[in-house]
Amino acid sequence: MHADVVIVGGGLLGLSTARALRGRRDVLVLERDTVGNARSGSHGRTRIFRLGYADPRYVAMAQRAAERWRALEADAGVQLLDPTPQLTFGPGADAVFAALAAAGAPAERITAAAIKKRFPAFAGRGDAVLETASAVIAADRTLATLRTHAGAELRERVRVQRLDAHHVETTSEIIEARAVVVCAGPWTRSLVPRIATTTTLEHVGYVRARAGLPIFIDFAEPAVYGLPTPGSDLYKLAVHHGGPAIDPDREFVPDPDARAALHHAIERWLPGAELVEVDICPYDNTADEEFIVERIDGIVVGAGTSGHAFKFGPLLGEQLAQLVLDDR
Ligand SMILES: Cc1cc2nc3c(=O)[nH]c(=O)nc-3n(C[C@H](O)[C@H](O)[C@H](O)COP(=O)(O)OP(=O)(O)OC[C@H]3O[C@@H](n4cnc5c(N)ncnc54)[C@H](O)[C@@H]3O)c2cc1C
């Protein structure tokens, strides 16, 4: 069989790339499982969108991504980002504030007393930075929207075994392609061995909470973050990079230490909140948490998203599509 562009992996990056190529290339997306499957890094109800990074490059990228999210919402006629204020605590908050101010992004310092008045559940944690351009992304709705609006042929339950710049071998056939893109999350490394990614298994807790809570991030080590689930009384809380290193090809088994750290974080941030559900999800990590968006041995690779790429999805899709179109 022949194809114009084959994309391996139907997660956020694969589908965003397909959408960015819509109308410009015929795209075939091959997904080993189903879109949004429970082992993928993109599954689940929500993700945080924020401009706040200490590194000005990421603030600029998030600003550009915000425009792409608005375009995607307008194109699909669906709301994906639910504007939600965010509090940033901890040692990195000053650098985040400086980077936001330099970029002209809306942010203000908020005192502990003002936090107590506005968000009583977060009282007693000290001063913070308040970001107003943050949002809760409907992650599951995003995948469904990309799937519908990518204009690509999507084949689920097709596993790619090996590939090179112009051939993709599944369990049943070899597909010849003008361009091959790999966005297989933690499994990218088994198809493109030259990349040096590692996988950790992260644990996320959903607790019952009052409405009106903000997103929050505390940059103390280990970093902890939380976000409301729009339309429900569930609040999601997790330790960033709190899970163990794993082999992504093995069964995902919850880790007792990571669970204990999650319980501890919930007790610290939302004392007494009822834990309703624990979900597990892999991070596809690079050593410096920078993303891999490049051509390697002629193959376009999007990977190494290190637990913070959802907010950049439509932008990274465009960049990967550009690599396909540039053919360089
Ligand atoms: C718990 C958690 C919380 C997060 N929170 C945030 C957040 O708040 N904000 C933020 O910006 N980011 C966040 N992220 C990060 C973000 O969700 C990920 O960076 C992003 O979703 C990764 O997408 P992906 O397409 O690279 O990988 P994946 O979603 O893992 O997609 C890869 C796909 O490839 C398929 N595949 C694998 N191997 C093959 C094969 N051989 N053949 C065919 N298909 C294959 C898989 O089945 C999978 O569906 C979070 C991640 C996690 C896990």
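These figures come from a predicted structure and were not determined experimentally. For ligands, and for the atoms within them, numbers begin at 1 and follow the listed sequence.
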Quiz item: Side chains of N285 and T200: donor-acceptor distance under 3.5 Å anywhere?
Solution: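 Yes - a donor-acceptor pair under 3.5 Å links their side chains.
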
Is [X] touching ligand 1 with its side chain, its backbone, both, or neither, if touching means heavy atoms under 4.0 Å apart?
X    : value
P282 : backbone
H308 : backbone
N37  : side chain
F49  : neither
F310 : both
V8   : side chain
Y283 : side chain
I48  : both
A184 : both

Quiz item: In ligand 1, which numbered atoms sit nearer than 4.0 Å to a non-hydrogen atom of Y225?
Solution: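 So the answer, numbered in order with elements, is 3 (C).
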
So is [X] close enough to ligand 1, meaning a heavy atom under 4.0 angstrom away?
X    : value
T46  : no
G307 : yes
D284 : no

The one among [options] that brings a heavy atom closest to [atom]:
atom                    : options         : result
atom 47 (O) of ligand 1 : E31, R162, R159 : E31
atom 32 (C) of ligand 1 : C183, A38, G14  : C183
atom 27 (O) of ligand 1 : S306, G185, A65 : G185

Practice problem: Could you tell me how the ring of F216 sits relative to the ring of F122: parallel (under 30°), tilted (30 to 60°) or perpendicular (over 60°)? | Solution: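 Ring orientation, 0 to 90° scale: tilted.
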
